[in-house]
Structure formats: C-alpha cells, structure tokens
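Input: a single structure, listed below in structure tokens.
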Amino acid sequence: MTDETYTASVVGGTGFTGGELLRLLSGHPDFEVVQATSRSADNMTVGRSHPNLRGLDLRFSDPDDLESVDVLFSATPHGVSMGQIDGYFEAADTVVDLSADFRLPEAELYDEWYDGHTSPEYLERAEYALPEINRENLSGADLIAGGGCNATATMLGLKPLVDAGALGPDAGEVVVDVKVGSSEGGAGGGAASSHPERSGVVRPYAPTGHRHEAEIEAYLGLDVSFTVHAVEMVRGASATCHVFPDEPVSKADLWQAYRGAYADEPFMRIVSGGGGVYRYPEPKAVAGTNYGEVGFELDPGNRRVVVFSAIDNMMKGSAGQAVHAANVALGLPETAGLEFQGLHPVGSP
C-alpha cells in the first residue's frame with residue numbers, strides 16, 4: 001500500500017460494470033470510494049442493486065451532485081460522458097470512462113462508426129486504457145478511455161503476431177469470430193439478453209460492421225473481418241482469430257512471439273494445447289478476474305495460425321481494465337486491487 005489514498009466516485013453505479021468497479025475499488029488498498037451515483041436508485045443502498053456488496057456502507061446519490069474526488073470512474077451508456085465531461089473534470093483530477101465516448105482517437109471515426117461526437121476537443125487528450133497496448137502513454141494521463149471488450153479480447157490475441165512482424169501489409173485476411181456472454185448487453189440489455197431468449201443459443205448478432213473493428217484498426221493497425229455471436233454465457237468474451245501470416249511460421253516462432261509479448265505482463269497467461277480439460281483459453285477459467293488467456297494452433301497445410309483468447313468482459317474487458325489503467329496512471333503498483341484468482345469448479349461464468 002502506498003502512503004496516499006485516492007478518493008474515487010463511480011458514476012452509473014447500478015449497472016453491471018458499475019457494480020464491478022465498486023467491488024474492485026472497495027477492496028483496493030489505495031482507493032476510498034466516497035460516492036456512487038444513480039438516477040434510478042437515488043438514496044438506495046448499493047447492496048440493493050449489487051447483493052454481493054451488501055456489506056458496503058454506501059448509498060447511491062444523484063449524478064447532478066458530484067462530490068470532489070481524485071478519480072471519477074464513469075460507467076454510463078455511450079453518449080453520456082461526452083456530454084458531461086466538463087462537469088466530470090470540475091469534480092475530479094482524473095476521469096476514467098468505460099463507455100465508447102473517448103476510445104477512438106479522431107472525431108471522423110465517430111462520424112463513421114457511431115453518431116458523431118459532441119466533445120471532440122477531448123479526444124486528443126484521452127489515452128486508451130488497455131495497458132498491454134498503451135502502457136507507455138498511460139502514466140500521468142488524466143482522461144482514460146476504456147476499451148471495448150470484444151476489441152480487447154481480439155487485440156490481446158493478435159498483438160504478439162503484429163509485434164513479431166508476422167502480420168505485415170502482405171498478410172492475408174484476418175478473420176475474427178467472437179463469442180460473448182449476456183452481460184455485454186448491460187443491466188438493461190432488453191429481450192435479447194433475457195434468459196429465456198438467450199438460453200441455448202449461438203446467435204450471430206453482429207455479422208459485419210461491428211464498432212469494435214475501429215479500435216482494432218486504430219491501435220493494432222489491422223483491418224479485420226469481424227463477427228460476433230451471442231452465446232449462453234453470463235460473463236466472458238472468447239475470440240477465435242484465423243490468421244494467414246506473410247511468411248510460413250513454426251510452433252517455435254509462435255511461442256517466441258507470445259512469450260516475448262507477455263512474459264512480463266502480470267495479467268496475461270499463455271494456454272496453448274497443454275494437458276487436462278482446459279487446453280486452450282476459456283472465459284470460464286478467468287471469470288471474475290482481470291486475467292486474459294491467449295493461445296494458438298498451427299495449420300501448416302493452409303498456412304494458417306488459429307489464435308484463441310479469452311477474457312471476462314466485465315473485468316479485463318471493462319472494470320478491471322479501468323482499474324489497471326488507473327493504477328498505471330497514478331503510479332500505483334499495477335496489480336493493486338486486482339491480484340485475486342478465479343474459482344474452480346464454477347458454474348456458468
């Protein structure tokens with residue numbers, strides 16, 4: 001623990017990621033949660049929305065009455081933070097936004113992939129939150145933009161190949177298929193996320209043109225063919241990437257690339273064809289944690305590499321990533337408040 005404790009607030013605290021932020025921050029050795037906001041649950045206890053946090057002595061307050069804090073975490077739907085960002089900085093020295101509002105570097109990309117941007121002057125100031133991609137720029141950042149969970153899973157899988165030069169301009173098409181859990185739709189996900197409609201499905205919900213493609217191109221420089229399926233899983237995102245490198249690669253080349261990229265990363269694990277039941281990355285194995293798993297298999301006959309990656313979408317893909325980035329920005333130990341392992345056996349993640 002450091003000598004200094006940082007005060008923190010969570011705006012949008014009744015949602016799934018808001019609850020995860022409150023869980024993480026309440027157990028963090030260097031943060032003190034002083035406010036959680038919600039219009040729908042104003043003055044209600046945090047435990048009413050998040051039963052796992054019934055021991056937290058905190059009530060939701062109105063988001064129009066922000067307290068002064070060191071760090072403000074915003075877990076609101078897309079479009080809210082860009083309209084409230086001036087007020088956020090009046091209340092806090094550092095803002096960590098978990099929506100899509102600041103995660104793309106240029107306003108033109110919001111015109112193309114979203115519905116434009118109302119505060120484009122902040123985009124150059126924002127730093128992408130995923131430390132494995134952008135650690136060197138996070139130190140001292142005062143506006144941190146959380147990455148999308150599907151983009152996070154995909155980029156963690158592909159980054160070692162990009163770093164090793166296996167995916168240059170002459171590489172073949174990169175095809176990405178992502179399976180995601182129902183929590184990605186949020187607490188208000190609607191009929192498609194309800195259990196009777198979700199149960200038993202493997203449903204393509206974004207066959208083409210998913211917005212997270214923009215992040216992959218912006219931060220990895222890759223143009224990918226991207227499809228997302230909704231599956232019967234609560235937590236998790238699992239990406240399978242079909243890659244056709246510039247030149248033939250061997251298993252030894254792949255191990256060198258992935259170990260070189262992640263040997264010193266505290267939250268990355270390589271799981272590639274070992275023994276036991278869990279031979280490749282699975283969301284179930286990282287549920288509730290900030291860990292990401294990556295693995296690969298070689299298909300030499302087709303000059304193809306199949307890359308697998310798995311994360312908990314609400315942790316490594318959202319709240320855990322946000323706290324990890326805040327740790328880096330503030331000069332705290334990177335793993336502070338995030339070192340816990342998952343559970344085994346465990347039911348549907």
Side-chain angles (χ1 to χ4, degrees), residues 20 24 96-98 100 102-105 126-141 144-167 174 176 178 212-222 224 236-241 243 254-272 281 283 285-286 289-296 305 307-342:
E20 286 293 81
L24 296 177
V96 184
D97 181 57
L98 278 67
F102 300 100
R103 65 174 57 144
L104 297 180
E127 291 294 345
Y128 196 63
L130 188 60
E132 290 84 359
I133 296 289
N134 195 40
R135 178 180 283 103
E136 65 275 10
N137 295 320
L138 281 170
S139 180
I144 297 170
C149 56
N150 300 323
T152 294
T154 302
M155 289 193 291
L156 290 174
L158 294 176
K159 180 181 184 294
L161 298 181
V162 173
D163 290 349
L167 290 178
V174 177
V176 180
V178 182
H212 290 188
E213 290 181 30
E215 290 172 61
I216 298 167
E217 184 172 357
Y219 297 106
L220 274 194
L222 286 181
V224 301
S238 176
T240 301
C241 307
V243 177
L254 294 175
W255 277 108
Q256 183 177 6
Y258 280 83
R259 284 172 173 157
Y262 292 140
D264 297 324
E265 287 292 347
F267 294 112
M268 294 303 299
R269 304 192 294 218
I270 303 172
V271 183
S272 189
V286 295
T289 80
N290 195 52
Y291 287 91
E293 292 188 345
V294 294
F296 48 82
V305 177
V307 175
F308 309 99
S309 55
I311 61 171
D312 182 324
N313 60 297
M314 290 192 295
M315 282 293 295
K316 189 64 175 170
S318 190
Q321 180 184 142
V323 172
H324 188 185
N327 286 344
V328 176
L330 297 171
L332 301 174
E334 282 198 30
T335 59
L338 296 168
E339 293 178 286
F340 44 85
Q341 303 292 323

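Here the structure is a predicted model, which means the values were calculated and not measured. Count residues from 1 along the sequence.
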Q | Working for side chain to side chain contact (heavy atoms under 4.5 Å, CB included), residues Tyr291 and Gln341 | A | CA-CA 8 Å; Tyr291 287 91; Gln341 303 292 323; 2.9 Å; yes
When every non-hydrogen atom of Asn137 is compared with those of Glu127, the smallest separation belongs to CB-OE1, 3.2 Å
Interatomic distance, OH@Tyr258 vs CG@Leu161, rounded to 0.5 Å, equals 3.5 Å
Plane angle bin for Tyr128 and Tyr219 - parallel if under 30°, tilted between 30 and 60°, otherwise perpendicular
parallel
**OP:** State, with a plain yes or no, whether a side-chain heavy atom of Ser238 is found less than 4.5 Å away from one of Pro283.
**Re:** yes
Rounded to the nearest 0.5 Å, the CG atom of Leu222 sits from the CD atom of Glu213 at a distance of 11.5 Å
Of all heavy-atom pairs linking Val307 and Gly157, the shortest is CG1-O, 3.3 Å
- May I have the step-by-step check of side chain to side chain contact (heavy atoms under 4.5 Å, CB included) for Leu104 and Glu215, ending in yes or no? CA-CA 6 Å; Leu104 297 180; Glu215 290 172 61; 3.8 Å; yes
In short, Gly146 meets Ala129 closest at the heavy-atom pair CA-CB, 3.6 Å
The single option from Ile144, Val96, Asp97 that satisfies side chain to side chain contact (heavy atoms under 4.5 Å, CB included) with Phe102 is Asp97
Quick check against the 3.5 Å criterion: does Ser272 have a side-chain atom that pairs as donor or acceptor with the backbone of Phe296?
yes
One should read off an interatomic distance between His324 NE2 and Thr335 OG1, to the nearest 0.5 angstrom, of 8.0 Å
Next on the checklist: Side chains of Lys159 and Tyr262, heavy atoms from C-beta outward: is any pair under 4.5 Å?
Outcome noted: yes
* Would Leu156 and Phe267 count as a side chain to side chain contact (heavy atoms under 4.5 Å, CB included) if you check the C-alpha gap in whole Å, the side-chain angles of each, and the deciding distance to 0.1 Å? -> CA-CA 11 Å; Leu156 290 174; Phe267 294 112; over 6 Å; no
### Task
Answer yes or no: is there an ion pair linking Lys316 with Glu132, defined by an N-O contact shorter than 4.0 Å?
yes
Discussion item. Ignoring hydrogens and geometry beyond distance, is a side-chain donor-acceptor pair present between Gln321 and Thr152 at under 3.5 Å?
Written reply: yes
Rounded to the nearest 0.5 Å, the CD atom of Glu339 sits from the OG1 atom of Thr289 at a distance of 12.5 Å
Value for CG (Leu167) from SG (Cys241), rounded to nearest 0.5 Å, stands at 9.5 Å
Review point. Can you check side chain to side chain contact (heavy atoms under 4.5 Å, CB included) on Ile133 and Leu220, steps first, answer last?
Key: CA-CA 8 Å; Ile133 296 289; Leu220 274 194; 4.1 Å; yes
Rounded to the nearest 0.5 angstrom, the OG-CG distance for Ser139 and Asn134 is 11.5 Å
Between Asn327 and Ala336, the two heavy atoms sitting closest are ND2-O, 3.0 Å
Tightest non-hydrogen contact, residues Ala239 and Thr154, listed as CB-OG1, 4.0 Å
Asn313 side chain vs Cys149 backbone, donor-acceptor pair below 3.5 Å
no
Heavy atoms of Gly337 and Leu24 approach each other most closely as O-CD2, 4.1 Å
Answer whether the closest heavy-atom distance between the side chains of His212 and Val178 falls below 4.5 Å.
no
